[in-house]
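For this chain, numbers begin at 1 and follow the sequence in order. These figures come from a predicted structure and were not determined experimentally.
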Amino acid sequence: MIVWVMPDAGDKTKETYAAFLSLFQKENPHIPVAMRVFTRNVLWRRMFTIKYPTHEEEVPDIIQIPHYWTALLEREGVVENLSQLDPGLSLANCLTPLKNHCYKPGTKDMYSYPWWFDISALHYREDHLKLVTSRPERDLSTWDGLLKICAALREQFKDVPGYYPVQNSDWRGSLSMRSALPCVWGRGVNLLSADFKSTGVATKAFKEGLRDYVNLALHNYMPILRERGSLGTIVSGQASLMISRKQGVSTFDARRGIPVRTLPVPATGDTSAAYLSGMNLCVNVRSQHKEEALRFIKFCARADIQAHLAKMLEVFPAFEDAAELFVLSSSTKRLRAYERILPTAKTLPNVIVTGTVMEILKRILAVCATQIVEGRFTQALLDRELEMAAKEIEYLLSIYEG
């Protein structure tokens with residue numbers, strides 16, 4: 001049985017998932033399992049080729065996908081109907097925000113199953129922040145406050161080589177649309193309208209929200225397009241803040257004893273918003289081992305296994321019983337912070353066009369990053385790119401969602 005996953009634990013992904021798969025094989029020694037790791041970009045491209053594999057291509061049995069790919073992959077005929085594979089498979093114990101992302105829209109046919117989720121938050125070093133403010137929580141409650149703190153930190157640590165106030169949580173040093181979404185949502189605009197007939201991408205609020213995020217790189221507060229080894233980190237003392245979807249940040253506490261606090265993402269508008277991203281498992285429609293794949297998915301949904309993997313990856317369990325176990329084995333102080341964040345969380349809609357829309361916006365941010373590094377960026381250039389993207393997105397909506 002072949003499992004395709006994404007690099008969820010960075011350079012430790014293979015060993016992390018190998019240890020996880022060994023737990024399954026201890027209970028199921030008759031089911032051999034092999035794992036393959038692909039970046040999100042590579043996985044996105046390969047999802048459209050595995051429907052008609054050549055004779056020498058390896059066919060995966062289980063595939064990890066972002067929650068909002070479910071509708072598209074069902075439409076493409078890539079993933080198996082889990083409700084037919086096992087009519088008793090249930091989402092009754094699943095956390096509410098994750099349920100709708102498992103179905104073919106408008107039906108109760110399940111095509112993916114929740115595995116885990118992450119949610120965006122702001123982490124800061126207490127020892128660094130106390131050098132520039134006596135009220136970090138208040139100052140970091142708004143985006144303008146965050147930028148002022150960044151300016152003060154830049155001055156405070158001007159003699160530290162390679163220092164940036166904000167650690168780039170993207171391991172490639174990119175500008176990430178998933179990191180930008182809370183800035184956009186904070187200004188009260190959504191990627192798609194409620195009826196999925198139009199997009200907010202060309203609106204003034206969307207442009208301003210995206211600009212808020214881009215300002216971190218534009219003002220030289222966050223490094224971009226740098227080799228991974230040269231990116232400053234909170235652990236190394238070359239950064240003081242990080243907006244990340246991973247919880248716990250156990251390297252701070254367990255390895256270095258660095259005092260880190262967790263807050264909601266600063267509000268760009270009237271309210272703070274967090275991006276909640278679910279990771280799901282699906283079964284390849286061409287798999288020759290569907291019963292074994294289903295057994296693996298049920299194993300991954302068990303409370304003890306969910307809690308164990310969430311700790312390994314610094315994410316959150318997808319099911320209520322697993323969440324209870326996870327709380328008992330985690331930092332109560334940090335989880336209290338997430339109790340404040342969870343009610344503000346939003347997800348991307350599980351509709352056919354969402355994955356393509358995110359690819360379009362990712363390309364725009366890639367252009368922005370290059371322009372910033374080369375000193376050519378202007379807001380007018382970004383606005384024009386967004387206006388052209390809006391036309392492309394609304395054309396896709398008219399075809400697939402109209």
Side-chain angles (χ1 to χ4, degrees), residues 1-5 20-21 23-35 43 47 50-53 59-117 276-310 316-325 347-352 354-355 400-401:
M1 187 170 64
I2 306 296
V3 183
W4 282 7
V5 297
F20 180 72
L21 291 181
L23 298 176
F24 174 76
Q25 292 200 279
K26 281 181 182 177
E27 298 184 16
N28 302 273
H30 60 291
I31 304 178
V33 184
M35 176 194 63
L43 190 61
M47 294 305 291
I50 62 173
K51 187 176 178 181
Y52 303 109
V59 176
D61 300 289
I62 300 171
I63 308 166
Q64 173 192 359
I65 63 169
H67 68 266
Y68 55 87
W69 290 11
T70 304
L72 175 60
L73 297 182
E74 181 280 324
R75 172 71 175 260
E76 291 294 312
V78 171
V79 292
E80 182 65 57
N81 186 338
L82 300 179
S83 298
Q84 289 184 359
L85 198 59
D86 181 358
L89 199 61
S90 171
L91 291 175
N93 193 34
C94 175
L95 295 173
T96 300
L98 305 176
K99 290 183 180 180
N100 289 337
H101 304 133
C102 302
Y103 299 107
K104 175 182 177 179
T107 77
K108 286 301 180 181
D109 287 329
M110 197 186 308
Y111 284 86
S112 69
Y113 206 67
W115 197 13
W116 50 264
F117 75 93
L276 189 154
S277 175
M279 283 295 171
N280 292 7
L281 295 174
C282 60
V283 175
N284 184 359
V285 73
R286 290 191 171 272
S287 169
Q288 299 298 307
H289 306 283
K290 291 177 183 175
E291 291 301 324
E292 292 88 345
L294 185 63
R295 182 184 290 270
F296 181 81
I297 286 176
K298 290 180 177 180
F299 170 84
C300 290
R302 260 176 32 196
D304 58 330
I305 300 302
Q306 283 260 308
H308 181 74
L309 183 63
F316 296 94
F319 295 88
E320 292 176 2
D321 53 353
E324 292 175 7
L325 277 179
T347 59
L348 289 171
N350 173 36
V351 294
I352 293 170
T354 304
Y400 296 107
E401 307 294 342

NE2 of H308 to SG of C300: how many Å apart, nearest 0.5 Å?
11.5 Å

Hey, is the main chain of P349 close enough, under 3.5 Å, to the side chain of T354 for a donor-acceptor pair?
yes

I would like to know whether V33 and V3 meet side chain to side chain contact (heavy atoms under 4.5 Å, CB included); could you show each step before the answer?
CA-CA 7 Å; V33 184; V3 183; 3.8 Å; yes

Minimal non-hydrogen separation, N280 against C102, with atom names:
ND2-SG, 3.8 Å

Would you say that L43 contacts I63 through its side chain, given a criterion of any heavy-atom pair below 4.5 Å between the two side chains?
yes

May I ask you to check whether over 12 heavy atoms, not counting those of R295, lie within 6.0 Å of atom CZ?
no

Which distance, rounded to the nearest 0.5 Å, do you find between the OG of S277 and the CG of L98?
9.5 Å

Are the side chain of T347 and the backbone of L276 linked by a donor-acceptor contact shorter than 3.5 Å?
no

For a quick test of reading the model, state the closest non-hydrogen atom pair linking A318 to P114 and the distance between them.
CB-CB, 3.6 Å

Does the side chain of N350 come within less than 4.5 Å of N100's, by heavy atoms?
no

E291 and L85: CA distance, side-chain angles, deciding distance, side chain to side chain contact (heavy atoms under 4.5 Å, CB included) verdict:
CA-CA 8 Å; E291 291 301 324; L85 198 59; 4.2 Å; yes

Minimum heavy-atom separation for D61 to M1, with atom names?
OD2-CA, 3.2 Å

Separation of H289 NE2 from I62 CD1 (nearest 0.5 Å):
10.5 Å

Flag if over 12 foreign heavy atoms under 6.0 Å of NZ, K104:
no

Do D321 and N93 get their side chains close enough for a donor-acceptor pair, meaning under 3.5 Å?
yes

Search all heavy atoms of H30 against all heavy atoms of P32 and return the closest pair with its distance.
O-CD, 3.3 Å

Using 30° and 60° as the class boundaries, would you call the ring planes of F296 and F20 parallel, tilted or perpendicular?
perpendicular

The reported gap from CH2 in W115 to CE in M279 (rounded to nearest 0.5 angstrom) is 9.5 Å

Quick one: pull up CG in N284 and CD1 in I50 and give me the separation to the nearest 0.5 Å.
4.5 Å

Heavy-atom check, side chain of W4 versus side chain of M35, under 4.5 Å:
no

T70 versus I65: any side-chain heavy-atom pair under 4.5 Å?
yes

Answer yes or no: is there an ion pair linking E80 with K290, defined by an N-O contact shorter than 4.0 Å?
yes

I need the minimum non-hydrogen distance between Y111 and V79, along with the two atoms involved.
CD2-O, 3.6 Å

Criterion side chain to side chain contact (heavy atoms under 4.5 Å, CB included) on K298 and L89, from CA distance to verdict:
CA-CA 9 Å; K298 290 180 177 180; L89 199 61; 4.1 Å; yes

Residues pairing under ring pair (Phe, Tyr, Trp, His ring centres under 6.0 Å) where one sits in residues 67-89, two or more places apart or in two chains, turn out to be W44-W69, H67-H101

Under the side chain to side chain contact (heavy atoms under 4.5 Å, CB included) rule, what do K108 and Y103 come out as? Steps first, then yes or no, please.
CA-CA 6 Å; K108 286 301 180 181; Y103 299 107; 4.2 Å; yes

So, for M47 and L73, which heavy atoms are closest and what is the spacing to 0.1 Å?
CE-CD1, 3.2 Å

Could you tell me if the side chain of V351 sits less than 4.5 Å from the side chain of Y400, heavy atoms only?
no

Backbone of I31 reached by a side-chain donor or acceptor of Q25 within 3.5 Å
yes

Checking the side chain of E401 only, and the main-chain atoms of I352 only, is there a donor and an acceptor separated by less than 3.5 Å?
yes

